[in-house]
Amino acid sequence: MITFEEAVELSLNQSITFGIESIGFEESPGRVLAENIVSDMDMPPFNKSAMDGYACRREDIGKPMRVVEVIRAGIPPLKSITRETCAQIMTGAIIPEGADTVIKVEECQVTEASQSNLAMVRFAGEKTAANICYRGEDVKAGELILEPGILLDSRHVPILATVGKVVVDVYCMPTVGVLSTGTELVEPGEIPGLSQIRNTNAYQIIAQLGKMGIDSDYYGIATDDEEITRNMISDALNQNDILILSGGISMGEYDFVPAVLNSLGIEVAFKQVAIQPGKPTLFGTGRNRFVFGLPGNPVSSFFVLDLLIKPFIYKCMGHSWNPPVIRLRAGKQMTRKKSNRLSWMPVRIDGDGLVYPVEYHGSAHIFSLRDAVGIIPVPIGKTIIEQGEFVDVRPL
Ligand code: AMP
Ligand code: MG
């Protein structure tokens with residue numbers, strides 16, 4: 001049996017990418033960038049007013065100043081600012097020649113213009129910042145702003161828009177098929193008969209993949225019959241780069257999956273991993289296809305997808321995914337009996353930022369995930385987490 005770290009490394013080393021395509025930047029969240037993005041201009045592109053107010057010379061602040069024009073956003077100024085003059089200016093407008101400060105409209109005394117006289121303004125505040133966003137202070141023209149391998153999200157969309165990058169090169173998505181095994185399974189819309197249960201794994205897998213932006217294809221339930229299992233796996237394999245199976249890989253008499261995969265040209269790299277839950281976990285490759293077999297028990301299946309398959313799929317999408325962790329203290333002592341596997345425990349976080357285990361009866365207890373916000377690792381050899389000890393919560 002290999003360790004979790006070995007399983008992750010072994011599978012990641014086998015991963016491949018599936019080419020590059022160009023898409024509209026609005027469609028880019030969830031995709032991985034495959035090109036350098038360079039700014040085509042300074043940002044801001046000109047010295048810009050950060051306030052609605054009056055643009056003037058700092059040395060004139062305190063004196064009455066004549067208002068020589070009104071500068072709107074989107075319309076360049078016509079006049080320069082000279083001694084004891086100013087221009088009324090709107091947020092986002094160009095700072096006129098000669099001005100080095102914008103005084104806020106809220107801090108000004110204004111004498112209205114009359115027929116013969118221009119309006120006069122006097123600063124009535126105590127002191128003022130320049131209130132100017134300077135040309136190029138955010139980004140310079142030609143600067144590298146995004147690199148290949150970034151998993152794009154909604155934060156990157158306005159950045160791409162700012163530099164006019166409306167078509168972007170991203171890595172192609174792998175196609176993913178999902179297949180459940182087990183004669184005892186019925187679909188969730190049905191009422192299980194005696195000795196049957198509802199197929200939850202396929203739908204949690206599809207939902208977990210959906211969260212990663214993967215639109216998977218579902219192939220249904222293969223009953224525990226070798227021929228049926230072979231036909232259904234064969235179909236799904238022919239149509240997808242990655243196949244995710246649930247169940248049928250442990251030590252039972254009717255766990256046909258490893259043998260079937262072998263007969264279909266898939267070499268099984270491992271079918272047991274030293275994690276708890278999730279020991280019966282399979283990974284195989286062949287014919288440029290990748291197969292993961294998840295444990296039948298739903299909590300195991302949920303965790304293993306997150307722990308092993310998620311980094312693999314992201315790698316196939318061109319992204320090196322590092323799971324975020326939140327380091328917090330345990331709110332109470334947590335213990336386990338055996339320590340020969342890396343264990344992952346579902347936990348919640350209370351209002352004080354302390355970590356507690358959720359009620360968890362074992363790997364079939366899918367309801368335990370209702371209250372869990374994440375999982376924490378308990379390494380091989382460790383049986384006790386003391387109250388107050390730091391734990392690394394990996395959000396689910
Ligand atoms: P297996 O890995 O096929 O031996 O299944 C282990 C346990 O998980 C058994 O109790 C199965 O009934 C259950 N199980 C298998 N597949 C599913 C599924 N798709 N949804 C819910 N439970 C499942
Ligand atoms: Mg089974």
Side-chain angles (χ1 to χ4, degrees), residues 15-53 55 69-81 87-102 104-105 129-175 209-215 310-311 313-324 395:
S15 70
I16 57 173
T17 51
F18 294 88
I20 289 171
E21 61 178 336
S22 299
I23 60 166
F25 80 111
E26 322 92 296
E27 318 291 332
S28 67
R31 303 298 295 271
V32 179
L33 191 61
E35 62 170 327
N36 284 323
I37 304 290
V38 168
S39 182
D40 69 338
M41 57 164 65
D42 289 336
M43 264 321 275
F46 46 83
N47 291 339
K48 188 174 83 172
S49 180
M51 296 289 167
D52 292 320
E69 72 171 322
V70 178
I71 312 169
R72 297 194 276 156
I75 299 182
L78 298 173
K79 301 196 171 135
S80 295
I81 300 305
Q88 190 176 2
I89 193 164
M90 309 303 152
T91 305
I94 298 182
I95 301 291
E97 218 37 57
D100 59 9
T101 301
V102 174
K104 289 189 219 173
V105 68
N131 295 321
I132 295 172
C133 307
Y134 294 99
R135 174 174 182 161
E137 74 177 7
D138 298 343
V139 167
K140 301 264 186 302
E143 198 175 316
L144 177 64
I145 45 174
L146 298 173
E147 288 183 68
I150 290 180
L151 178 61
L152 298 167
D153 62 36
S154 52
R155 292 170 301 152
H156 302 105
V157 171
I159 293 175
L160 293 168
T162 299
V163 301
K165 190 71 186 159
V166 294
V167 175
V168 281
D169 284 353
V170 294
Y171 287 97
C172 295
M173 301 290 267
T175 51
L209 294 172
K211 216 169 153 185
M212 299 172 63
I214 303 268
D215 189 13
K310 194 168 172 180
I313 292 182
Y314 273 140
K315 191 85 189 295
C316 292
M317 286 165 59
H319 175 62
S320 294
W321 188 69
N322 283 312

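Only this structure's heavy atoms are used, side chains among them; waters, hydrogens and symmetry mates stay out.
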N/O donor-acceptor pair under 3.5 Å between [X] side chain and [Y] backbone:
X      : Y      : result
His319 : Val32  : no
Glu143 : Lys140 : yes
Ser49  : Met51  : yes
Thr91  : Asp52  : yes
Glu69  : Lys79  : yes
Asp42  : Gly136 : no
Asn47  : Arg135 : yes
Arg31  : Tyr171 : yes
Glu35  : Asp169 : yes

Can you name the closest pair of heavy atoms from [X] and [Y] and give their distance?
X      : Y      : value
Leu151 : Gly30  : CD1-O, 3.7 Å
Ala55  : Pro96  : CB-CD, 3.7 Å
Ala161 : Phe25  : CB-CE1, 3.7 Å
Tyr134 : Ala130 : OH-CB, 3.6 Å
Asp138 : Pro44  : OD2-CD, 3.9 Å
Met173 : Ile214 : CE-CD1, 3.9 Å

Any side-chain heavy-atom pair of [X] and [Y] under 4.5 Å:
X      : Y      : result
Met90  : Val70  : yes
Thr17  : Cys316 : no
Val167 : Ile23  : no
Thr162 : Met43  : yes
Ile89  : Val102 : yes
Val170 : Glu27  : no
Ile16  : Pro174 : no
Ile132 : Thr101 : no

Problem - Evaluation steps, side-chain contact (heavy atoms from CB on, under 4.5 Å), between Val168 and Ser22 - result: CA-CA 5 Å; Val168 281; Ser22 299; over 6 Å; no

Problem - NZ/Lys211: more than 12 non-hydrogen atoms of other groups inside 6.0 Å - result: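 No, not enclosed.
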
Problem - Flag if over 12 foreign heavy atoms under 6.0 Å of CD, Glu137 - result: yes

Using 0.5 Å steps for rounding, measure from the [atom1] atom of [X] to the [atom2] atom of [Y].
X      : Y      : atom1 : atom2 : result
Ile71  : Leu78  : CD1   : CG    : 8.5 Å
Leu33  : Leu146 : CG    : CG    : 6.0 Å
Ile81  : Asp100 : CD1   : CG    : 10.5 Å
Cys133 : Lys48  : SG    : NZ    : 5.0 Å
Lys165 : Ile159 : NZ    : CD1   : 14.5 Å
Leu152 : Leu160 : CG    : CG    : 6.5 Å

Problem - Ring geometry between Trp321 and Tyr314 (parallel below 30°, tilted from 30 to 60°, perpendicular above 60°) - result: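 Judged by the thresholds at 30° and 60°, the geometry between Tyr314 and Trp321 is tilted.
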
Exercise for the section: Any chance you could lay out the side-chain contact (heavy atoms from CB on, under 4.5 Å) test for His156 and Ile37, step after step, and finish with the verdict? Expected result: CA-CA 11 Å; His156 302 105; Ile37 304 290; over 6 Å; no

